[in-house]
2 protein chains.
Amino acid sequence: MKARTRPTPKPDARAKLLDAAFALIRQQGYAATTVDDLCRAAGVTKGAFFHHFASKDALAVAAADCWTETTSAFFAAAAYHDHADPLDRVLGYVDFRLSILQGELSDFTCLVGTMVQEAYATKPDIGAACGASIGGHIDVLTQDIQAARAKHAAAGDWTARSLARHMQAVIQGAFILAKAGGGAEAAAECLHHLRRYIALLFKQRLPKESQTQ
Amino acid sequence: MKARTRPTPKPDARAKLLDAAFALIRQQGYAATTVDDLCRAAGVTKGAFFHHFASKDALAVAAADCWTETTSAFFAAAAYHDHADPLDRVLGYVDFRLSILQGELSDFTCLVGTMVQEAYATKPDIGAACGASIGGHIDVLTQDIQAARAKHAAAGDWTARSLARHMQAVIQGAFILAKAGGGAEAAAECLHHLRRYIALLFKQRLPKESQTQ
DNA sequence: GCAAACATACCAACCGGTTGGTATGTTTTG
DNA sequence: CAAAACATACCAACCGGTTGGTATGTTTGC
């Protein structure tokens, strides 16, 4: 997920800290990122940190929430939403995700996907915030998939939500593959397979009424 | 080597530490797992730890290497390899991975997939060991996919290796989804989609000579 | 003027790693 | 063969730097 600098009117310490958290946690993970690291990267002092966040964990929750808002807005503003056909929107989403696999790994990988691995068992609040972020994204995707199914016949026995989850899994897994040495190209290959799968599922493109699913 | 009349006391501190590393890192991640945590879980002292491993990072590399051996043997011994048809072996692999989605999350998730997220940018040796582990797994899968393609016609323009990578990505992504709140069921759903994709790719099952790919 | 927003200085606990040492087995050598 | 020399495996106590967090100012904006 691409998240550039937050467009904040005044660059207060809180926003700068959240920005630093995005960058550092995506590079090193959460546990390896110290409060001092964050303060240094943000150009603020520790006093400012603990003025805005009750604890390091609280910053992680805030960062996950901020990530949710930032990425939601980012994807909501993308052009693929303009397609009239919901299936084109679903495929357009994959294409859009392909198009943002640019630059450093830490520029396009997912903050909450990284964090949830460290937090799921030991930090319930952080895990919940990460889960909500991914879950919200799945919800949006589910709607377009649902609409695509209502319009086009699709092969197989599956739910819209399960396909939306699968799409997120492929994306998250593609990031791991990229980090494991494959780079952005390996991630792109995975998204191409995902696109092919969705196309195959909806291959026949029969109008719904001509074939009961 | 060793006289059978006087069996030497088994030097198992190393093995116990690696076992503890498997469990703790899969639960908490690498950075959050301290050397003291590992020693406590393994029932050994810090002195024993640094006798067997030069540093905490060296243990991580050893754990990744041990993971490679352990999982390679585990999958090599699985029954799905007995299928005569390579496509059945590929699908059998997915079914096998589905069958082991049991128990706690930390019992079936991937050590190196977890570690590489924390290590890829800051700990090159750990990242490399994790990459090699996933890469080796991909190599094995690639062979069966290659063979399946030689025997059956398949739809689309893709390489055996890219499909093997995609399979690993789905599996890794399924683990993230599970950790993000979906549990083992969400992971299973993803693997079902993966299985359906592979089946669709090879759907026609025409003998190779009757259709040039 | 006063509360929020920041800075400075500091701390107690913790962390990775070291030290000196023991107990036990193995190899070498007279 | 047996003593001496060496090697391996492990342990308890300790060390210095780091960490998340706090206590106490100082500045800024309304």
Side-chain angles (χ1 to χ4, degrees), chain A residues 6 8-21 23-25 27-64 66 115 118-119 122-127 129, chain B residues 1-21 23-25 27-64 66 115 118-119 122-127 129:
Chain A
R6 288 163 36 94
T8 43
K10 54 177 182 180
D12 58 329
R14 185 188 152 92
K16 284 195 287 188
L17 281 167
L18 288 173
D19 246 1
L24 288 178
I25 296 174
Q27 271 176 42
Q28 324 173 350
Y30 172 65
T33 302
T34 69
V35 174
D36 284 323
D37 283 343
L38 292 162
C39 292
R40 203 176 313 125
V44 304
T45 60
K46 234 175 194 184
F49 184 102
F50 286 101
H51 172 74
H52 288 287
F53 306 102
S55 65
K56 190 195 170 190
D57 282 5
L59 166 115
V61 172
C66 179
M115 254 199 312
E118 300 178 67
T122 51
K123 316 252 182 177
D125 45 354
I126 301 177
Chain B
M1 279 253 178
K2 174 171 72 164
R4 55 186 67 84
T5 50
R6 275 299 294 271
T8 59
K10 50 178 180 176
D12 57 356
R14 187 188 150 91
K16 284 195 287 187
L17 280 166
L18 288 173
D19 249 0
L24 289 178
I25 296 174
Q27 271 176 42
Q28 324 173 349
Y30 172 66
T33 300
T34 70
V35 174
D36 282 324
D37 284 344
L38 292 162
C39 292
R40 204 175 312 124
V44 303
T45 62
K46 234 177 194 184
F49 184 101
F50 285 101
H51 171 74
H52 289 285
F53 305 102
S55 65
K56 190 195 170 191
D57 283 4
L59 166 113
V61 172
C66 180
M115 256 200 310
E118 299 179 67
T122 51
K123 316 251 180 178
D125 45 354
I126 301 177

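Proteins get letters first, then strands, A, B, ... in listed order; numbering begins at 1 in each.
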Q. Excluding sequence neighbours, so at least two apart, what forms side-chain hydrogen bond (donor to acceptor under 3.5 Å, both in side chains) with A/Thr122?
A. none
Q | Nucleotide C/dA7, atom C1' - distance to CG of A/Leu17 in whole Å | A | 14 Å
Q. In chain order, what residues pass the side-chain hydrogen bond (donor to acceptor under 3.5 Å, both in side chains) check against A/Gln27, with sequence neighbours excluded?
A. none
Q: List for me each residue that meets salt bridge (Lys or Arg N to Asp or Glu O under 4.0 Å) alongside B/Asp125, sequence neighbours excluded, and say none if there are none.
A: none
Q.
Does anything in residues 47-57 of chain A come within less than 4.0 Å of DNA chain C? Heavy atoms only, and list the residues if so.
A. A/Gly47, A/Ala48, A/His51, A/His52
(Q) Can you tell me the base-pairing partner of D/dA7? Count Watson-Crick or G-U wobble geometry only, both distances below 3.5 Å, and say none if there is no partner. (A) C/dT24
Q | Any residue meeting salt bridge (Lys or Arg N to Asp or Glu O under 4.0 Å) with A/Lys46, in chain and number order, not counting sequence neighbours | A | A/Asp36
Q) For B/Lys123, what residues pass the side-chain hydrogen bond (donor to acceptor under 3.5 Å, both in side chains) criterion, not counting sequence neighbours? A) B/Asp57
Q | Pairing partner (Watson-Crick or G-U wobble, both distances under 3.5 angstrom) of D/dC15 | A | C/dG16
Q: Report the residues that fulfil salt bridge (Lys or Arg N to Asp or Glu O under 4.0 Å) with B/Asp19, sequence neighbours left out, ordered by chain and then residue number.
A: none
Q. B/Lys123 has an atom NZ; how far is it from atom C1' of C/dG16, in whole Å?
A. 10 Å
Q.
Taking the cut-offs as 6.0 angstrom to the six-membered ring centre and 45 degrees off its axis, would you call A/Lys56 and A/Tyr30 a cation-pi pair?
A. yes
Q: Output the residues of residues 31-46 of chain B in contact with DNA chain D, where contact means a heavy atom of the residue under 4.0 Å from an atom of the strand; sort by number or write none.
A: B/Val44, B/Thr45
Q | Those residues that, when tested against A/Ser55, pass side-chain hydrogen bond (donor to acceptor under 3.5 Å, both in side chains) (two or more places apart) | A | none
